[in-house]
6 protein chains.
Amino acid sequence: MRPSSRRPDQLREVRLTRQYTCHAEGSVLVEFGHTKVLCTASVEESVPPFLRGRGEGWVTAEYGMLPRSTHSRMSREAAKGKQSGRTQEIQRLIGRSLRAVVDLKALGERQITIDCDVLQADGGTRTASITGACVALHDALQGLVASGKLAASPLKDWVAAVSVGMFEGQAVLDLDYPEDSACDTDMNVVMTGSGGFVEVQGTAEGAPFARQELDALLELAGKGIGQLVLLQKAAVAA
Amino acid sequence: MRPSSRRPDQLREVRLTRQYTCHAEGSVLVEFGHTKVLCTASVEESVPPFLRGRGEGWVTAEYGMLPRSTHSRMSREAAKGKQSGRTQEIQRLIGRSLRAVVDLKALGERQITIDCDVLQADGGTRTASITGACVALHDALQGLVASGKLAASPLKDWVAAVSVGMFEGQAVLDLDYPEDSACDTDMNVVMTGSGGFVEVQGTAEGAPFARQELDALLELAGKGIGQLVLLQKAAVAA
Amino acid sequence: MRPSSRRPDQLREVRLTRQYTCHAEGSVLVEFGHTKVLCTASVEESVPPFLRGRGEGWVTAEYGMLPRSTHSRMSREAAKGKQSGRTQEIQRLIGRSLRAVVDLKALGERQITIDCDVLQADGGTRTASITGACVALHDALQGLVASGKLAASPLKDWVAAVSVGMFEGQAVLDLDYPEDSACDTDMNVVMTGSGGFVEVQGTAEGAPFARQELDALLELAGKGIGQLVLLQKAAVAA
Amino acid sequence: MRPSSRRPDQLREVRLTRQYTCHAEGSVLVEFGHTKVLCTASVEESVPPFLRGRGEGWVTAEYGMLPRSTHSRMSREAAKGKQSGRTQEIQRLIGRSLRAVVDLKALGERQITIDCDVLQADGGTRTASITGACVALHDALQGLVASGKLAASPLKDWVAAVSVGMFEGQAVLDLDYPEDSACDTDMNVVMTGSGGFVEVQGTAEGAPFARQELDALLELAGKGIGQLVLLQKAAVAA
Amino acid sequence: MRPSSRRPDQLREVRLTRQYTCHAEGSVLVEFGHTKVLCTASVEESVPPFLRGRGEGWVTAEYGMLPRSTHSRMSREAAKGKQSGRTQEIQRLIGRSLRAVVDLKALGERQITIDCDVLQADGGTRTASITGACVALHDALQGLVASGKLAASPLKDWVAAVSVGMFEGQAVLDLDYPEDSACDTDMNVVMTGSGGFVEVQGTAEGAPFARQELDALLELAGKGIGQLVLLQKAAVAA
Amino acid sequence: MRPSSRRPDQLREVRLTRQYTCHAEGSVLVEFGHTKVLCTASVEESVPPFLRGRGEGWVTAEYGMLPRSTHSRMSREAAKGKQSGRTQEIQRLIGRSLRAVVDLKALGERQITIDCDVLQADGGTRTASITGACVALHDALQGLVASGKLAASPLKDWVAAVSVGMFEGQAVLDLDYPEDSACDTDMNVVMTGSGGFVEVQGTAEGAPFARQELDALLELAGKGIGQLVLLQKAAVAA
């Protein structure tokens, strides 16, 4: 029995609320159980200097946690004057994951910035961020189509992410914070709607893990991501 | 007729939602119309070095805006590596306003940090922050009483804030963003539940203002704050 | 009897020494009793990026304290690598106050930077800064007229500032450091030569203050600023 | 035929030169072909604050590239005033990888800091760093045994790392820079001497990758790491 | 004829005004012609961590230029968030020069911080700083004697500094800004009252300089410093 | 007998290894005994903004120490977020020294950046850096000639540097770390191949030094630099 009492292959309750705030071109509150992340997509009609003149677009991401999104208060990165290594690692991962499903040529010379801000954290903030960000990005791109700036959306596929881990010898899906602390191996998997891998990041928290465990985790992640993509599709169909 | 179509002395719809997030000792989403600020109160059982050993507590505040809380995306202060002058000015104001209604001796050697993070901005984020923060602070202090750490709450009074301004020669209450841009004089007023002034900050945006205008603005602010305090009391009674 | 033995409505001895240093287009040492601030005005024939091409000018201010301008040595902000919130708040106030009396259109696309550096501090450094800075600005603008770059000075009025506070139930004018520490309410008031308010910033240091006290303080500030403007006029006539 | 003309499962020439510099407790120059990284291990007889009093040790890593280790000069991070996200990501990876093979309890309250500084870069700097760092760490731990501070080395196993990628549909081992640029999928794998996985980080550079490709890459990485561990053992036996 | 019309061996008019500001334990305005530097000495009854428990004191210096001390406005280091290399080089030089004439053992575990802030610059700010700082240090040390904290002043000798340079083939003393720009070789020399060298820093601005020129410059510097030390002695006798 | 057992006028064993790394236009490992510095020269076909449009080139230098180049580990400047005053002082010295022997007009609008990174430190890192940097610069300039970008090398002369000091009353050449700590006076001298002085920086570590000592030190430095220039010439002839 896992700490959350969920079945090994059971996701937390996942909700995707679109138009959560009013100014951004895409704005989605994503909830994986108690984890809540606000994902906004902002369109800018220019690209960073290193891409200028190539006729290509760019998608990038920034990530932050509100100071009291966590059990005990974390210090505010803006007050400390720098982003932690963890923050930078996560925002680089979100950016790469989203770029994997966007046709940057078709986007044209514009940049979309995804901001993922964690309002409440209970494990899996990076995987929730990717899953919610893809919907915010979808909405921003549809807005460019609706306004006639693009003929078709350059979103090539859906992308979603989930964490998996080994708990007492069994592979379990979508770890909340207490489970994450209790697991031996933690893996974050990012996949497309058509089942291709975009990122696989597995870390042995305690003992090194065996190939067989890796296989079980990847299997389970694939199932979970399949469900997440269905939820993404349902959200935009609503 | 003011841009918002409200009467000169009419507040926007104000909502105070308690327990908006689950980890903080006090957590309030305050809405003044489209302006939405998440205010959390975090209790720490120690005080900053300059107060150690005096048997007194401290209340401080930090303020931030999510990058896309505004019409066009603002750059993230954590990424830029410093907080703007405006941010620092606002968080100092919030901290002073709250300390004015707390008996710091009675609080004992503990610190309460209030985080005010703007999810959506439409003018008046600092006044909404103070109004919501006071409720979050109330809840955190009640928690200390409930857990037996304090015999009684050291909250001496309520404190709330509102902006007022001169629009086409008339004093108007609680400016939203379009009104704020159109007003000649902008004043932020912080008052206690018993009607004392805590802060008065008036700025001539265009022409200097006359004593008579100042009087009209203060009058109006007093009425608005009276209503806000009623809403604070109703919120905690709920 | 106030700590300084001055009458409640008595300013400290105020001196404005022009051409205190030789390189700046305007250079004024302002003294309010023991408080001494060097205010320089520097003209630059371009404006910051956000104003380019609009045919308008800009006036901005920076503020600093020499490390040993105070009773005990403060650490140097350049060595710490950032300006405090207090510093930023003061320099924003000085800049706004001066812009209130300059016709920025008439100034043309040039920027005037006012530097206010405190050589010796004894309370009221921000109000002394504004009062001295206006004279330095006047001199720099006259220089532009004298050199034929402007047909007439774009200075529309004088601007000066003073602090007031409640000491043992009585409103007193122009607080020095010991008085500032002993007062219940502290207010900084910025007014033009023709008596309009530019900024009113009142803070309850201890108990909240009443409307009646606010009125008494504003009254007193108005009188003090009237005298300061006469001193400004006398200084430039000399 | 891969760009380097190597067989798909062929490592570059790997060299491990111990005692490359004279001050550090462990100092290894690791070369993977043209990639050259200086790895030093520094022992400190105390631990960071978060571990004090627990009787446990700590192993951490820092990573840097000399400005002209690369084809065109990179700006110096010390001059820019911050480490890039990539730098932080890599040094966190190196630290985690090494901690996976150290018995931190047995190390006692001391910290070992591994510095990996890239003298010349040609792809695979992070995998070379891990491989060389483990030897430097070995030597520093042996030094503690030799000096009588530890009864036995707390190094539980070897750890080494290699990159693998898909080049024109085939899995290839140990990518140099031109190959890294030409590959579709890039994976860094960290494994122990006994064949357990410590880290698996795969990224789709272009199209998402399939499970089958992932399997082929993991297979190849396992072989390569086996050879690297033999080279580590040979180096310390010399 | 040198640009300043002075004789080759003629100092600018030098003035040392003690007690220029009121809070510091030593406060001297030093003027070398138009160069004006405020030097304050602040006594602190503790030493930096690296010296604690050794029974020795420390003397350190900080240097800054007011933004408009120069012909065109320099940006403020506190606003830029870092001190320039030049600033750090100068403050290290001032600190070393003063420590050369203080018996740090006799000073006991206290630190004296010298702040040298340039109010107006016309060449030679570092040499004027050292010359004025020594008088401020003298006064602060006398204060410790007067208050009974020290039995005798730990000042072992005077220290003063001057610049010399080659102008049109002739060695000239105490360069002002136009001369500094026109000279081929610039040398700053720091000497004690008894004629020993503390620092010699010569730089070829254009062509390398010959041993013969170096000798002429050192000769001239020695004469100038002799006069400066007389002025220091006269200042404290006044 | 000096601590190193060398004769007073004896240099350590000096080695200059060219093409030490493969990417830079000039790359030299310079060794002065155990002091090892990697000097690279990077050519960029543009100049910094302050020189644009003047048809002149620029030579600049950056300096760093690997964290464990020293006896005990130093903290990494990139991690601390700023370069120390010592680092900045050294890199400014290296840049000035090299510019003294380059015809910047003849270089044309391009910049050469010299990076001096200390792999192992045993005293004299700045003098070794200058000596090695000149050879790296030579090679980079020859490369511009070889590629037809310049008709002739703009290197006007060689430049080399050495430290000298007074040890037990005798002038000694090329101090290693233990000698540097034991010496009373430390002087760094930079001279050209034709014997002109570029920089002379002498510091009294303990007692002030006399003119006679200065003369002995300069004499010795001149001899040492003569030998270093021969080694530079031999290195490029090889």
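Proteins get letters first, then strands, A, B, ... in listed order; numbering begins at 1 in each.
At a 4.5 Å heavy-atom cutoff, the contact between Ser42(F) and chain D is made by backbone and side-chain atoms alike. Using a 4.5 Å cut-off between heavy atoms, Thr21(D) touches chain F through backbone and side chain atoms alike. Neither the backbone nor the side chain of Glu44(F) comes within less than 4.5 Å of any heavy atom of chain D. Contacts between Ser69(D) and chain F at a heavy-atom distance below 4.5 Å involve the backbone alone (N, CA, C, O). When heavy atoms are compared at a cutoff of 4.5 Å, Gln88(D) does not approach chain F at all. Only the backbone of Thr70(D) has a heavy atom closer than 4.5 Å to any heavy atom of chain F.
Heavy-atom neighbours of Arg99(F) CZ from other residues, nucleotides or ligands within 6.0 Å: above the threshold of 12. Phe167(F) CZ: more than 12 foreign heavy atoms inside a 6.0 Å radius. The environment of CZ in Arg15(F) is sparse: at most 12 heavy-atom neighbours from other residues, nucleotides or ligands sit within 6.0 Å. The number of heavy atoms from other shown groups lying within 6.0 Å of NZ (Lys80(F)) is above 12.
A distance of 5.0 Å separates CD in Gln120(D) from NE2 in His23(F), rounded to the nearest 0.5 Å. If you take CD on Glu62(F) and CZ on Arg76(D), they are separated by 5.0 Å, rounding to the nearest 0.5 Å. Distance check: Ser27(D) OG to Leu66(F) CG gives 10.0 Å after rounding to the nearest 0.5 Å. Within the model, atoms CG of Leu119(D) and CG of Asp117(F) stand 9.0 Å from one another, a figure rounded to the nearest 0.5 Å. For the atom pair CZ (Arg73(F)) and CD1 (Ile112(D)), the distance works out to 12.5 Å, reported to the nearest 0.5 Å.
The minimum heavy-atom distance linking Ala41(F) with Arg68(D) is given by the pair O-NH1, 4.0 Å.
Residue with the most contacts toward chain F among Thr113(D), Thr87(D), Asp122(D): Thr113(D) (heavy-atom pairs, distance under 4.5 Å). Counting heavy-atom pairs closer than 4.5 Å to chain F, the top-ranked of the candidates Gln91(D), Lys36(D), Gln83(D) is Gln83(D). Ranked by heavy-atom pairs shorter than 4.5 Å toward chain F, the options His71(D), Glu77(D), Lys82(D) are led by His71(D).
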